[in-house]
**Student:** 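For reference, the structure I am asking about is given below.
Order of the sequence lines sets the chain letters (A, B, ...), proteins ahead of strands, with each chain counted from 1.
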Amino acid sequence: MSRWLTDLNQQQRQAVETVEGPLLVLAGAGSGKTRVITHRIAHLLELGVAGESILAMTFTNKAANEMRERLASMVGSRANPVTLSTFHSLGLLMLREEARRSRRRQPFTIFDTGDQLGVLREITRQRRLEQGYDLGAILTRISNWKNSFMAPGETPPSDDPYDLAAAELFGRYAELMHAYRAVDFDDLICEPTRMLERDEGCRRRWAERFRYVLVDEYQDTNPAQLRLLFSIAGEHRNLAVVGDDDQSIYGWRGADVRNILRFEQDFPQAKVIYLMRNYRSVGTVLDAANRVIAQNTERHPKRLQASRGAGPRVRLTITSDGELEAAHVARTIREMVDTGRRRYADIAVLYRSNILARDLETEMRTSRIPYRMVGGTSYYDRKEVKDLVAYLKLAANPRDELSLRRVINNPPRGIGPKTVEQLTAWAEEHGVGLYEALDHAEEIIGPGERRALAVRSFKELMERTTRRMSQRSDLPAATEELVSELNLQEELRRSSESDKVLQRRWGFVIQFQQSVERFCERSDKPTLREYLTQLALLDMATERPEEAPDNQVTLCTLHGSKGLEFPVVFLIGLEEGLLPHDRTLNPQATDAVIGDIAEERRLCYVGMTRAMDELLLSRAKARRVRGRLQERTPSRFLEAIPAESLDVDDQTLTASADDVSSMMDDLRSKLGW
DNA sequence: CCTACTCTCATTTTT
DNA sequence: TGAGAGTAGG
């Protein structure tokens with residue numbers, strides 16, 4: 001017997017052993033899912049399957065890396081030939097290889113959401129379309145159409161103004177993306193799929209290459225991803241998917257729970273295995289979570305089974321407002337840590353909406369509780385970093401007009417909107433790109449004019465930069481030269497009002513340069529193109545200057561908590577309008593996808609099942625909403641938890657001596673006494 | 001080109 | 001309430 005079958009429970013073992021044919025593994029929270037996946041791959045290798053023919057797909061790079069590490073620790077270098085990648089990286093790999101095969105041009109630049117919005121902004125500006133549309137709402141619609149393989153002009157009839165606006169922009173969007181030689185995230189899935197569906201020989205090649213396909217978090221796949229999977233695995237049917245419909249929380253991003261609900265119809269005779277033994281949480285937590293999720297109707301019926309003891313009862317604390325709720329959380333954490341029961345790192349505070357993090361942060365600071373927020377604004381969203389990235393993108397792809405427009409007068413060099421307009425008009429007239437028009441500055445603007453000289457010197461700067469960066473030479477050195485040629489440090493000094501701000505901003509520049517260096521050290525192909533690809537595709541978290549995993553409390557959204565676990569979990573803001581969120585209860589005109597209560601309930605379930613030992617729920621009777629104090633009603637999800645398994649602590653009823661004294665303590669610490 | 005003001009808007013965010 | 005975007009005027 002393969003050694004990867006021992007120390008698994010019966011269902012886990014079955015999931016590992018079922019090697020041929022379609023397989024659906026419904027892996028409940030904390031049921032040892034990652035273990036099953038890694039063991040399954042190890043087992044396949046053990047059976048003599050070539051690593052090259054195994055494809056394991058995840059959604060995040062973090063998950064992919066984690067899996068690779070675990071697998072490597074099991075089978076060592078035999079893990080190397082296995083393709084372990086995200087959907088998007090696989091898509092890019094396919095596009096590249098096929099382009100190479102047919103000697104076609106490879107995709108140049110990957111546009112992230114910010115870039116996509118930039119394209120839309122550009123179009124509305126050009127067309128002088130009515131302002132005031134929420135471009136994000138338009139982009140969502142375009143993205144949904146793309147994921148249903150609709151071309152511009154094929155969009156379904158609608159009288160929704162946003163549908164109409166989006167349909168109007170869709171065509172131009174596609175044209176511009178093409179002109180810029182750019183692809184977006186949707187293209188990375190849809191284009192390879194089209195390729196496979198169009199060309200049977202091509203499809204066969206990929207199907208034969210990946211004889212064994214494994215998909216993690218299957219509940220998060222969208223229709224396009226399903227079609228891609230079908231093209232690869234539809235024939236040999238060696239497709240194992242792992243997921244949990246109860247943890248599908250990305251419907252609003254286009255994920256379709258129905259994929260996992262009807263897997264058995266999509267792949268007839270699929271074997272279905274339930275992993276329901278939970279190794280994470282105590283009985284009380286599981287019981288409460290089970291009750292909540294049981295209220296959903298469209299799901300694979302199942303129930304997590306406890307394998308640990310009962311544990312303390314779930315607690316619900318009621319405070320009179322949001323600030324007091326945050327104060328209560330801080331005070332409880334303080335107590336847990338001071339009595340030595342817990343370390344900060346054992347504790348997480350989860351919330352539906354980032355807005356709740358604000359009061360928490362204030363409280364954490366005054367109570368001197370070290371914390372880290374997962375998610376939040378990325379370091380790569382910093383203006384300083386984005387500007388530099390735009391220079392690199394332009395160097396890699398002169399047709400990337402978006403980047404060109406971003407950097408052409410940044411830092412200011414006397415090329416204002418008027419000049420750019422003139423250049424654009426000339427470029428259009430002569431049917432060339434904007435970048436080429438730069439060469440004709442004198443002709444366009446007038447010989448000897450200062451603006452023309454500015455354009456020329458910008459062009460020369462770009463050519464030097466491109467030369468240094470593109471010949472696979474020393475990328476970090478080229479970046480450094482760019483920074484110095486731009487006189488960035490001086491520029492920042494000039495535009496920063498305080499020294500502190502300057503230090504911070506310059507710090508971002510330094511960090512960026514370091515990230516380039518690190519990439520070049522690690523990569524076996526340290527080219528500019530590769531670096532930019534990684535930047536777009538790779539989880540920024542892995543690139544982010546790593547903060548030491550200190551002993552800190554974790555603050556994060558419910559979405560951000562998926563896949564994590566903590567001994568102690570606070571789940572706050574259990575109120576109607578927050579969880580379920582108001583946006584789900586009262587959809588807006590701009591919403592392309594109307595969220596449903598079922599997904600909100602799953603969100604609640606995901607949060608609850610993060611807790612190993614203690615689950616502490618809370619709600620406030622009133623909360624400041626946009627400056628106004630508003631009465632709040634308890635979340636409907638609380639009703640599912642039977643009163644007898646809940647310890648309710650209503651702090652608005654009893655201001656006991658204890659509470660008063662702790663409030664005094666609180667006050668004292670705030671005043672610094 | 002920069003700054004200071006006004007206006008607007010307010011979920012979640014794996015790639 | 002408060003952050004970020006947009007705009008007018010110096």
**Student:** B:dT11, OP1 or OP2 - any side-chain N/O from A:Thr584 closer than 4.0 Å?
**Tutor:** no
**Student:** Select from A:Arg352 and A:Phe59 the residue whose nearest nucleotide in DNA chain B is closer to the 5' end of that strand.
**Tutor:**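 First, find each residue's nearest nucleotide; the 5'-ward one identifies A:Arg352.
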**Student:** Select base, sugar-phosphate, or nothing to describe what A:Asp186 touches, counting heavy atoms under 4.0 Å on all strands.
**Tutor:** nothing
**Student:** Of the nucleotides B:dT13, B:dT14, B:dC2, which has the atom closest to the A:Pro412 side chain?
**Tutor:** B:dC2
**Student:** For the P atoms, the ones on B:dT12 and on C:dA5, what distance do you get once it is rounded to whole angstrom?
**Tutor:**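 Each nucleotide's P atom is 16 Å from the other's.
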**Student:** Please check the phosphate of B:dT15 (OP1 and OP2 only) for any side-chain N or O of A:Asn222 closer than 4.0 Å.
**Tutor:** no
**Student:** I'd like to know if the side chain of A:Asn409 reaches the main chain of A:Gly414, judged simply by a donor and an acceptor atom lying under 3.5 Å from each other, with no hydrogens or angles considered.
**Tutor:** yes
**Student:** Short question: side chain of A:Asp216, backbone of A:Ala56 - any donor-acceptor pair under 3.5 Å?
**Tutor:**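 Between the backbone of A:Ala56 and the side chain of A:Asp216 there is no qualifying donor-acceptor contact (under 3.5 Å).
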**Student:** So which nucleotide from B:dT12, B:dC1, B:dT14 ends up closest to the side chain of A:Trp252?
**Tutor:**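 Selected nucleotide: B:dT12.
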**Student:** B:dT12 P sits how many Å from A:Arg253 CZ, rounded?
**Tutor:** 13 Å
**Student:** For A:Glu600 and B:dT12, give me the distance from atom CD to atom P, rounded to whole Å.
**Tutor:** 11 Å
**Student:** Could you state the atom-to-atom distance from CG of A:Asp115 to P of B:dT13 in whole Å?
**Tutor:**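 Rounded to whole Å, this separation is 20 Å.
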**Student:** So what does A:Ser89 touch, heavy atoms closer than 4.0 Å: a base, only the sugar-phosphate, or nothing?
**Tutor:** nothing
**Student:** Starting at CG of A:Leu117 and ending at P of C:dG4, how long is that distance when rounded to a whole Å?
**Tutor:**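 That distance rounds to 16 Å.
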**Student:** Starting the side chain at C-beta, find the nucleotide from B:dT12, B:dC1, B:dT15 nearest to A:Thr557.
**Tutor:** B:dT12
**Student:** By the 4.0 Å heavy-atom rule, please label A:Phe87 as base, sugar-phosphate, or nothing.
**Tutor:** nothing
**Student:** Atom NZ of A:Lys146 and atom C1' of B:dT15: how far apart are they, to the nearest Å?
**Tutor:** 13 Å
**Student:** Kindly point out which of B:dT14, B:dT13, B:dT11 is positioned nearest to the side chain of A:Ser353?
**Tutor:**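 Among B:dT14, B:dT13, B:dT11, the one nearest the side chain of A:Ser353 is B:dT11.
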**Student:** Under the side chain to side chain donor-acceptor pair (under 3.5 Å) test against A:Asp115, which residue among A:Lys386, A:Lys393, A:Arg406 passes?
**Tutor:**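 Of the listed residues A:Lys386, A:Lys393, A:Arg406, the side chain to side chain donor-acceptor pair (under 3.5 Å) partner of A:Asp115 is A:Lys393.
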**Student:** Hey, does the side chain of A:Ser635 reach the backbone of A:Leu579 with a donor-acceptor pair shorter than 3.5 angstrom?
**Tutor:** yes
**Student:** Nearest to the side chain of A:Phe185, which nucleotide is it out of B:dT15, B:dT13, B:dT11?
**Tutor:** B:dT15
**Student:** Start with the C-alpha gap between A:His581 and A:Trp252, add the side-chain angles, then the distance that decides, and say whether ring-ring contact (aromatic ring centres under 6.0 Å, His included) holds.
**Tutor:** CA-CA 13 Å; A:His581 197 276; A:Trp252 52 277; over 10 Å; no
**Student:** Does a nitrogen or oxygen in the side chain of A:Asn61 sit under 4.0 Å from OP1 or OP2 of B:dT15?
**Tutor:** yes
**Student:** Mark this stacking check for A:His559 against B:dT12 as yes or no, applying ring centres under 5.5 Å and ring planes under 30°.
**Tutor:** no
**Student:** I want to confirm an ordering. Mapping A:Ile415 and A:Arg626 to their closest nucleotides on DNA chain B, which one lands closer to the 5' end?
**Tutor:**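 Closer to the 5' end of DNA chain B: A:Ile415.
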**Student:** Figure out the CZ/P separation between A:Arg450 and B:dC1, and round it to whole Å.
**Tutor:** 11 Å
**Student:** Quick one: label A:Arg358 by what it contacts on the DNA or RNA (base, sugar-phosphate, nothing), any heavy atom closer than 4.0 Å.
**Tutor:**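 Since only primed, P, OP1 and OP2 atoms lie under 4.0 Å of A:Arg358, the category is sugar-phosphate.
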**Student:** With A:Arg413 as the cation and A:Phe458 as the aromatic partner, state whether NZ or CZ is under 6.0 Å from the six-membered ring centre and within 45° of the axis.
**Tutor:** no
**Student:** So if I take every side-chain heavy atom of A:His88 and compare against B:dC1, B:dT15, B:dT13, which nucleotide ends up nearest?
**Tutor:**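 Nearest to the side-chain atoms of A:His88, counting from C-beta on, is B:dT15.
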**Student:** Hey, does A:Arg628 reach any base, or is it just sugar-phosphate, or nothing, if we go heavy atoms under 4.0 Å?
**Tutor:** nothing
